[in-house]
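Atom set for the values below is all heavy atoms of this structure, side chains included, hydrogens, waters and symmetry mates excluded. All chains are named by letter (A, B, ...) in the order of the sequence lines, taking the proteins before the strands, and each is independently numbered beginning at 1.
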Protein chains: 2
Amino acid sequence: MDDATEVPEASRPVTIHMVAASAGVSASTVSRALNFPELVKPGTRERVLETVERLGYQPNRAARSLALGRTASLGLIVPDIANPFFAPFVKVVQARVREANYALFLADTDEDPSTEVELALAMSQQVDGLILCSPRMPGRKLRTIAAKTPVVVANRLSRSVPSIALDFGPGVQQAVAHVHALGHRRCAYLSGPGGSWSNRQRLRAFTAHCESYGIELVVLGPYEPVFSGGYRGADEALAARVTAIFAYNDMVALGVMSRLADRGVRVPDEMSVVGFDDIEVASMTSPPLTTVAIPVDTVAKASAALLLSLLAETTPQRPAAQELATRLVIRNTTGVPKEDRI
Amino acid sequence: MDDATEVPEASRPVTIHMVAASAGVSASTVSRALNFPELVKPGTRERVLETVERLGYQPNRAARSLALGRTASLGLIVPDIANPFFAPFVKVVQARVREANYALFLADTDEDPSTEVELALAMSQQVDGLILCSPRMPGRKLRTIAAKTPVVVANRLSRSVPSIALDFGPGVQQAVAHVHALGHRRCAYLSGPGGSWSNRQRLRAFTAHCESYGIELVVLGPYEPVFSGGYRGADEALAARVTAIFAYNDMVALGVMSRLADRGVRVPDEMSVVGFDDIEVASMTSPPLTTVAIPVDTVAKASAALLLSLLAETTPQRPAAQELATRLVIRNTTGVPKEDRI
DNA sequence: CTGAAAGCGCTAACAT
DNA sequence: ATGTTAGCGCTTTCAG
């Protein structure tokens, strides 16, 4: 427990006029000394800054926003902060945005598209720009919001709004090739949320690559993209007599593994499991999970950078397509299928 | 990909005066119709609101803040957003704050106390109140910040600043009793960050209860409170010839288990492991982790509620001590020690 | 190089 | 019940 020395009561915050008075100059000079130091004579500037320091002056953001017409804050809207896939995204965006001297508003939609729209609309008026992470709202709504404030969409491709999206192709191709090489010929894809762009893309990629490798793909679900979603998925995959499971994401894969363990099905001996995302815990389970890794940090950085460059009206610095490619991380949940189960 | 129908260009945002003009009233009437509907005649009110709707008027927050002297936003500062212990905290706080019609600024200190101070200071001027989650800054700094804006401290006890802290006693007592009942007599505590209030409290509780149960406690560390911190911890605990390990938190416990598995030490047969926090993944590992559960959601809700009541100047609604108690969740990483290892 | 004055959009006395 | 006015704290022409 910290000690409890008395501390001065909060007094009225010091304004630019107090500084001006105390430094014997006008408010404009203080403003200039702070924002355009080169415009004020070194002597005066020094005196002003010293006074600012002494009085502990901090410009009132609201007043500044009002005068400037910009808020110096950005907004980030994610489906679920506590989701281990989004948390690192939030962290990286926050860091980037902060570096550029913006504050960050955060909101969580609880995976609900209409909440998403509502929050985005509400935020659009109090920020200089918005990052929508994996938005589920219809394209029309997206455009409505983009019309009110600069918007960047992450993890979804949009023609009308600047977006940073992943290329699932490479990772999925590698996953399918890997599983094919091990000898699997009948696999299941455990679908995620029907409305989600990610799910559609992943499903499409798995379908295409399985076809070209001559793997029979059984599409199951949709399942909730969470741990418990994997329970049902595991049971249904077992019933479908596949030898390998591609899960919509790692959480589902973890649920699958847990359920398989409960049912006494050994991974990878009796069933191979491939996750998606490569969230932190994927490498911490036993056995560690084979999964299609997504460069979240890259996506997050790129999203922040894109929004920032939009605001600065500099040429958007888009990442090379290659950086946004997914790739397979082979760990221990994939193996050669047991003959007797084929 | 969403379709790309043309959308009207962003025009200058509509102000209260435009609404006033269009509705044939004064700006004050519009303001009143919006903020104190009962003060304006039903007919006028209706006309105004209809105009507001038609024009899509949204009050400028900066202007409102400036006039009102309040920002309608709160700030939350956490050590690490991506940490599975803090992420749910952020989520719950966000939800609560939002319910009360506040927006939430989020910042991440990257576990650094001086960044923490810096962020808190910067935020203090643009929010109506601040929640500091598990702050590491010295008490003196805490008071400096509390002098500038209402502050609530979570996961740490403070005499000078309103705080919501946990009672580690019950959970630790149960953990020690549990392990004692299984027959363990020599255990290790893997310490977390030296400066952290949580670590001090946990260590103190383990020391006290082990003493009273006649368990010899070997204190190791400190270790980084992350997965890899558990690697070293596992090795050192093994070297110390203990039969059970109390980890500072679940991440460390997971690291311990991973390392033990690598070294071929079976859990719980050859080593029992007890975590702390009960983060989501604790129940997803195999074997599932025995751990001291913390009611994070309760702490988060309570913190938000406390700050909100401070701002509303209502009587703070503090949670009953009992709600903030920790408790042991027994899963499968604790068992009877093998004689030959004692 | 510096000061005076106007204005950002809104609210809240104060009139009427 | 509604309009007028002043002012929140800052920036920014515009003068000098």
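Rounded to an integer number of Å, the gap from CG of Leu34(B) to C1' of dT2(D) is 16 Å. For the pair Leu66(B) CG and dG7(C) P, the computed distance is 17 Å after rounding to whole Å. For Leu39(A) and dT2(C), the CG to P distance is 10 Å, given to the nearest whole Å. We find that CZ of Arg32(A) is positioned 10 Å from P of dT12(D), with the value rounded to whole Å. Distance, His17(B) NE2 to dG3(D) C1': 11 Å, rounded to whole Å. Atom-to-atom, CD of Gln126(B) to C1' of dG9(D) comes out at 15 Å; the value is rounded to the nearest Å. One atom, CZ of Arg70(A), and another, C1' of dT11(D), lie 13 Å apart when rounded to the nearest Å. Distance, Lys41(A) NZ to dG3(C) P: 10 Å, rounded to whole Å.
Distance from the side chain of Leu68(A) is smallest to dT11(D) among dT11(C), dT11(D), dT2(C). Distance from the side chain of Ala63(B) is smallest for dC10(C) among the nucleotides dT2(D), dT11(C), dC10(C). Out of dT11(C), dT4(D), dC8(C), the shortest distance to the side chain of Ser31(B) is found at dT11(C). Ranking dT11(D), dA13(C), dC10(C) by closeness to the Ala27(A) side chain, first place goes to dT11(D). Of the candidates dT13(D), dT11(D), dA12(C), dA12(C) carries the atom nearest the Phe36(B) side chain, counting heavy atoms from C-beta on. Listed nucleotides: dT4(D), dC8(D), dC1(C). Nearest to the side chain of Ala67(B): dC8(D). Picking from dT11(C), dG9(D), dT2(D) the nucleotide with the shortest atom distance to the side chain of Ile16(B) gives dT11(C).
Thr71(B) and Arg61(A) share no donor-acceptor pair across their side chains, judged by distance under 3.5 Å alone.
Nucleic acid contact class of Ser28(B) (heavy atoms, under 4.0 Å, all strands): base. Backbone-only engagement by Thr29(B) is indicated by non-hydrogen atom pairs under 4.0 Å involving sugar-phosphate atoms exclusively.
The neighbour count for Glu99(B) CD, taken as heavy atoms of other residues, nucleotides or ligands under 6.0 Å away, is above 12. Within a 6.0 Å radius of CD in Glu313(A), other residues, nucleotides and ligands contribute 12 heavy atoms or fewer. For CD of Glu53(B), the number of neighbouring non-hydrogen atoms (other residues, nucleotides, ligands) closer than 6.0 Å is 12 at most.
Evaluation of atom-type donor-acceptor distances gives no pair under 3.5 Å for the side chain of Arg61(B) against the base of dG9(C). With hydrogens and angles left out, the side chain of Thr44(B) and the base of dA1(D) share no donor-acceptor pair within 3.5 Å.
A salt bridge links Lys91(B) and Asp110(A); the closest N-O separation between the charged side-chain nitrogens and carboxylate oxygens is under 4.0 Å. For Lys141(B) and Glu116(B), the salt-bridge test fails: no basic side-chain N is under 4.0 Å from an acidic carboxylate O.
Put simply, Asn35(A) has a side-chain N or O that comes within less than 4.0 Å of OP1 or OP2 on dT11(D).
Residues Val25(B) and Tyr57(A) each lie close to DNA chain D; by heavy-atom proximity, the contact nearer the 5' end of the strand is made by Val25(B).
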